[in-house]
Number of protein chains: 2
Amino acid sequence: MSRTKARAALLQELEAAMRRSSAQGVLYGQTVANVAGIANSDLECMDILYLEGRVTAGRLAEVTGLTTGAITGVVDRLEKAGLVRRERDEKDRRKVYISVVPETAMKIGQLYVPMQQAMEKVFSAYSDEELRLLLRFATEGYKGVLAATEALKGLLDTPPEKRPDLKLKKLRR
Amino acid sequence: MSRTKARAALLQELEAAMRRSSAQGVLYGQTVANVAGIANSDLECMDILYLEGRVTAGRLAEVTGLTTGAITGVVDRLEKAGLVRRERDEKDRRKVYISVVPETAMKIGQLYVPMQQAMEKVFSAYSDEELRLLLRFATEGYKGVLAATEALKGLLDTPPEKRPDLKLKKLRR
DNA sequence: CTAAATCTCTTAGTGACTAAGATATATATC
DNA sequence: GATATATATCTTAGTCACTAAGAGATTTAG
């Protein structure tokens with residue numbers, strides 16, 4: 001087997017492995033939402049709030065791909081559960097900032113403990129240098145996926161009949 | 001800063017980076033489902049079928065965490081779209097095997113091309129040895145997440161009042 | 001042969017979503 | 001400063017995928 005062929009096989013295995021683990025990651029998230037008793041998108045928004053800090057309702061819609069109307073519902077539910085707070089922007093009173101209530105949100109955070117422990121255990125087998133490689137990959141991978149998402153969204157804006165031969169019409173509900 | 005503290009910081013960064021990229025992965029999947037015009041769970045099932053091959057309806061329910069009733073709906077929609085076929089098991093006629101229709105499912109596969117291209121580009125910057133490290137990590141990470149999911153599911157089966165101090169009752173709808 | 005178990009499907013009801021438009025506030029133009 | 005347009009969120013009506021419960025079909029155990 002040639003050297004390049006070995007690499008191709010490696011890449012394919014890698015793709016499958018990543019697909020599998022990311023699928024399992026999705027299932028973990030679903031389980032968290034289930035245990036917490038909140039909807040999946042609600043948890044997704046909590047995650048965004050955790051990563052981005054205080055964000056506007058519109059920004060949540062933008063990032064999640066939900067309509068602003070749906071976000072109103074998400075925030076209503078999260079607010080009722082005491083997980084977030086609505087705060088009107090004093091400078092631009094149309095805007096509503098959503099921020100987490102740390103004391104309550106902590107309880108959600110605890111549901112990630114099994115995951116963190118599992119990952120710590122995995123990480124413990126790697127040297128600092130190896131971890132830096134993984135970090136580099138995660139960072140670059142994120143950018144790649146982000147770009148790919150934008151590319152794919154581009155297809156949505158292209159009128160269906162002009163899309164490059166996917167012929168998806170028959171698949172639509 | 002001590003050596004262990006540096007590592008702790010590295011681990012934290014790594015966790016954030018992985019969280020971000022996996023969240024973006026979820027969004028990519030949502031976009032695929034959107035462009036294809038199928039529901040999110042329908043796509044998830046297509047993914048499972050791709051990874052596991054021909055599986056029973058019950059197995060789909062098990063892996064996705066949906067009820068068997070919901071799976072009936074998923075398979076109905078996928079079958080109507082021509083993406084899968086139902087096949088009764090001749091040996092045990094209660095079972096229904098679901099298998100993809102390759103010619104049609106290919107069209108869904110094409111929606112992953114932007115992602116594959118992005119990842120190829122990322123991978124191209126790594127040596128074979130580095131890729132092997134990534135593969136090892138993806139494989140171990142999968143096992144870790146799988147175990148963590150099971151651990152978390154365990155909480156669901158524990159009666160709420162016996163759960164280790166999460167006090168989630170107030171969060172339930 | 002009967003009872004229990006297993007696997008999928010059906011039904012009724014619920015909840016989260018979209019599309020469209022209402023409301024409130026901000027910015028631009030005259 | 002008044003009017004028109006733009007922006008940000010919320011409301012409403014309708015839709016679709018989900019769950020819970022149980023029915024139907026088949027297999028396995030006694």
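Just so we're clear, the structure is a prediction, and the values are computed from it rather than from any experiment. The chains referred to below are lettered A, B, ... by the order of the sequence lines, with proteins before strands, and numbering in each begins at 1.
When atom types are taken as modelled, the side chain of A:Arg88 and the backbone of A:Arg93 share a donor-acceptor pair closer than 3.5 angstrom. With hydrogens and angles disregarded, a donor-acceptor distance shorter than 3.5 Å links the side chain of B:Glu79 to the backbone of B:Arg86.
Counting to the nearest Å, the P atom of D:dA8 and the CD atom of A:Glu87 are 18 Å from each other. Atom CG of A:Asp89 and atom P of D:dT9 are 10 Å apart (whole Å). Atom OH of A:Tyr97 is separated from atom C1' of D:dT7 by 14 Å (rounded to the nearest Å). The separation between A:Gln30 atom CD and D:dT19 atom C1' is 14 Å, rounded to whole Å. Here C:dC17 presents its C1' atom at 9 Å from CZ of A:Arg77, a figure rounded to the nearest Å. Residue A:Leu66 contributes atom CG, which lies 15 Å from atom C1' of D:dT9 at whole-angstrom precision. The distance from atom CD1 of A:Ile71 to atom P of D:dT7 is 20 Å, rounded to the nearest whole Å.
Minimum atom distance to the side chain of B:Arg88 is reached by C:dT8, of the listed C:dT8, D:dC10, D:dC18. With D:dC10, D:dC18, C:dA16 as the candidates, the nucleotide lying closest to the side chain of A:Arg86 is D:dC10. Out of C:dC9, D:dT11, C:dC17, the shortest distance to the side chain of A:Thr72 is found at D:dT11. For A:Val96, the side-chain atoms get nearest to D:dC10 when compared with the rest of D:dA20, D:dT27, D:dC10. Comparing atom distances between the B:Lys95 side chain and each of D:dA17, C:dT18, C:dT8 picks out C:dT8 as nearest. Across C:dA26, D:dC18, C:dA16, the shortest atom-to-atom separation from the side chain of A:Asp92 is found for C:dA26. With C:dA19, D:dC18, D:dT7 as the candidates, the nucleotide lying closest to the side chain of A:Thr67 is C:dA19.
Under the 6.0 Å cut-off for aromatic ring centres, A:Phe137 and B:Phe137 do not qualify, their centroids lying 6.0 Å or more apart.
DNA chain C is contacted by both A:Lys91 and B:Arg59; B:Arg59 maps to the nucleotide lying nearer its 5′ end (nearest heavy atom per residue).
The existence of a salt bridge linking B:Lys91 and B:Asp89 is excluded, since no basic side-chain nitrogen approaches an acidic carboxylate oxygen closer than 4.0 Å. Using a 4.0 Å cut-off between a side-chain N of Lys or Arg and a carboxylate O of Asp or Glu, B:Glu62 and B:Arg59 qualify as a salt bridge.
Contact annotation for A:Gly58: backbone-only contact, meaning every heavy-atom pair under 4.0 Å involves sugar-phosphate atoms and none involves a base. Nucleic acid contact for A:Ala57: sugar-phosphate only, since backbone atoms but no base atoms lie under 4.0 Å from a heavy atom of the residue.
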Please step through side chain to side chain contact (heavy atoms under 4.5 Å, CB included) for the pair B:Val26 and B:Gln30, ending with a clear verdict. CA-CA 6 Å; B:Val26 172; B:Gln30 283 177 6; 3.9 Å; yes
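Looking at B:Arg93, its side chain has no donor and acceptor atom pair within 3.5 Å of the base of D:dT26. The base of C:dC9 sits with one of its N or O atoms less than 3.5 Å from a complementary donor or acceptor on the side chain of B:Thr68. Contact of A:Arg94 with D:dT9 (side chain to base): no donor-acceptor pair of N or O atoms is detected under 3.5 Å.
For the OP1/OP2 pair of C:dA16 and a distance below 4.0 Å, the side-chain nitrogens and oxygens of A:Ser41 include no atom meeting the criterion.
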